Amino acid sequence: MNSRTLIRMRSFLLLALVQVLIFSRIHLFGYATACVYIIFILKLPRHTTRNELLLWSFFSGLIVDVFCNTPGINAAAATAMGFMRNTVLATLTHKGMPEDFVPGVKTLKWGGYILYALVCIATFFTILFMLELFTINYPGILLLSTASSTLLTMLFAIVAECFSRTR
C-alpha cells in the first residue's frame, strides 16, 4: 500500500468514528443531523476511478449503517452521492484543470466549492431521508429534514475546508 492509500484510510476511519460516536447521536430540533463522514467522499481526488469512488462511498455508508443500526440507507445514499460526484465536478470545472486535483477551495474557489458540496450533500440527504421515511406523504418533514441536515453538514464541510492542509 502506498502512503496516499494509508492517509485515505486514516481519514476515512477518523471521520467514520466521529460520525458513529458523536454525530449520529445528535439531532438538532429533531430534524437536523450532521453526516460528517461524507466529507471524505467530497475530498477524494478527481482522478479517483468511478469503481474506487463507489467502493469508498459504499463502505463508508455501510460502516455507519452497521454501527448506527440503520438498514443500508447510509450505504445507498453515499453510493448515489459517489456515483454523481464526478459529474458535478465536471460541470463545475473548466477544461484546463489538471486531472489529479483534490476538490477544495484552492482548486474550485469558494463559490465553486460551496456549490459542489451543496449539490452533493443535498443529493445525499434527499436520498437518505426518502429511504428513511419510505414515503413521500410527508413532504414537509422530508423538506425540513433535508434542508436542515444539508445546511448543518455544509457548515462542517466549510469548517473542515478552512482547517484543511490542501488549501
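Here the structure is a predicted model, which is why all the values come from computation and not from measurement.
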*asked:* Which residues pass the side chain to side chain donor-acceptor pair (under 3.5 Å) test with R46, not counting sequence neighbours?
replied: none
*Check A122 against T126 and note the closest heavy-atom contact, atom names and distance.*
O-OG1, 2.7 Å
*Residue pair M84 / V119: nearest heavy atoms and the distance that separates them*: CE-CG1, 3.9 Å
*To the nearest 0.5 Å, what is the distance between SG (C35) and CG (L15)?*
11.5 Å
*Under the side-chain contact (heavy atoms from CB on, under 4.5 Å) rule, what do I141 and Y31 come out as? Steps first, then yes or no, please.*
CA-CA 8 Å; I141 293 173; Y31 294 103; 4.3 Å; yes
_Among residues at least two apart in sequence or on other chains, which ones pass side-chain contact (heavy atoms from CB on, under 4.5 Å) with T48?_
R8, L44, P45, E52, L53
*asked:* Does any part of the side chain of L13, heavy atoms only, come nearer than 4.5 Å to the side chain of L17, both counted from C-beta?
replied: no
*Output the distance between atom CZ (F23) and atom CZ (F156), rounded to the nearest 0.5 Å.*
4.0 Å
*Point-to-point distance, once rounded to the nearest 0.5 Å, from CG of L128 to OG1 of T150*: 10.0 Å
*Check Q19 against V36 and note the closest heavy-atom contact, atom names and distance.*
OE1-N, 2.7 Å
_Would you compute the distance between atom CG of L42 and atom CZ of F124 and round it to the nearest 0.5 angstrom?_
10.0 Å
*Is it the case that one hydrophobic cluster holds both I114 and I121, taking links as side-chain heavy atoms less than 4.5 Å apart, direct or via other members?*
yes
*Could you pull out all residues at least two apart from T33 that satisfy side chain to side chain donor-acceptor pair (under 3.5 Å)?*
H27
*asked:* For the backbone of G104 and the side chain of T107, can you confirm whether one donor and one acceptor N or O come within less than 3.5 Å of each other?
replied: yes
Per-pair distances, 0.1 Å, donor-acceptor, side chain in residues 59-68, under 3.5 Å, sequence neighbours excluded:
from : atom 1 : to  : atom 2 : distance (Å)
S60  : OG     : W56 : O      : 3.1
S60  : OG     : S57 : O      : 2.8
D65  : OD1    : T70 : OG1    : 2.5
D65  : OD1    : N74 : N      : 3.1
D65  : OD1    : N74 : ND2    : 3.0
D65  : OD2    : G72 : N      : 3.4
D65  : OD2    : N74 : N      : 3.3
D65  : OD2    : A75 : N      : 2.9

*Given side chains that start at C-beta, do those of S11 and F40 come closer than 4.5 Å, heavy atoms only?*
yes
_Under 4.5 Å side-chain heavy-atom separation, chaining through any Ile, Leu, Val, Met, Phe, Trp or Tyr, what else clusters with L54? Say none if it is isolated._
F83
*Taking the side chain from R85 and the backbone from I41, do they hold a donor-acceptor pair closer than 3.5 Å?*
yes
*Answer yes if L151 and I39 sit in the same cluster of Ile, Leu, Val, Met, Phe, Trp and Tyr residues linked by side chain heavy atoms under 4.5 Å apart, and no otherwise.*
no
_For F129, ring-ring contact (aromatic ring centres under 6.0 Å, His included) partners two or more places apart_ = F125
*Going from CG on L92 to NZ on K109, what distance comes out if it is rounded to the nearest 0.5 angstrom?*
14.0 Å
*Main-chain N/O of V105 paired to E161 side chain as donor or acceptor, under 3.5 Å*: yes
*Do L143 and L152 belong to the same hydrophobic cluster, where Ile, Leu, Val, Met, Phe, Trp and Tyr are linked whenever their side-chain heavy atoms lie under 4.5 Å apart, directly or via other members?*
no
*Once you round to the nearest 0.5 Å, how far does CE of M81 lie from SG of C120?*
5.5 Å
*Would you say T91's side chain and V88's backbone share a donor-acceptor pair under 3.5 angstrom?*
yes
*Over all heavy atoms of both residues, which pair between I127 and A80 is shortest? Give the atoms and the distance, please.*
CD1-CB, 3.4 Å
*Determine whether L108 and L89 make a side-chain contact, defined as any pair of heavy atoms from C-beta on separated by less than 4.5 Å.*
yes
_I want to check something: taking the side chain as every heavy atom from C-beta on, are K43 and P103 in contact at a cut-off of under 4.5 Å?_
no
*Looking only at non-hydrogen atoms, find the nearest pair between L118 and M154 and report the distance.*
N-SD, 3.8 Å
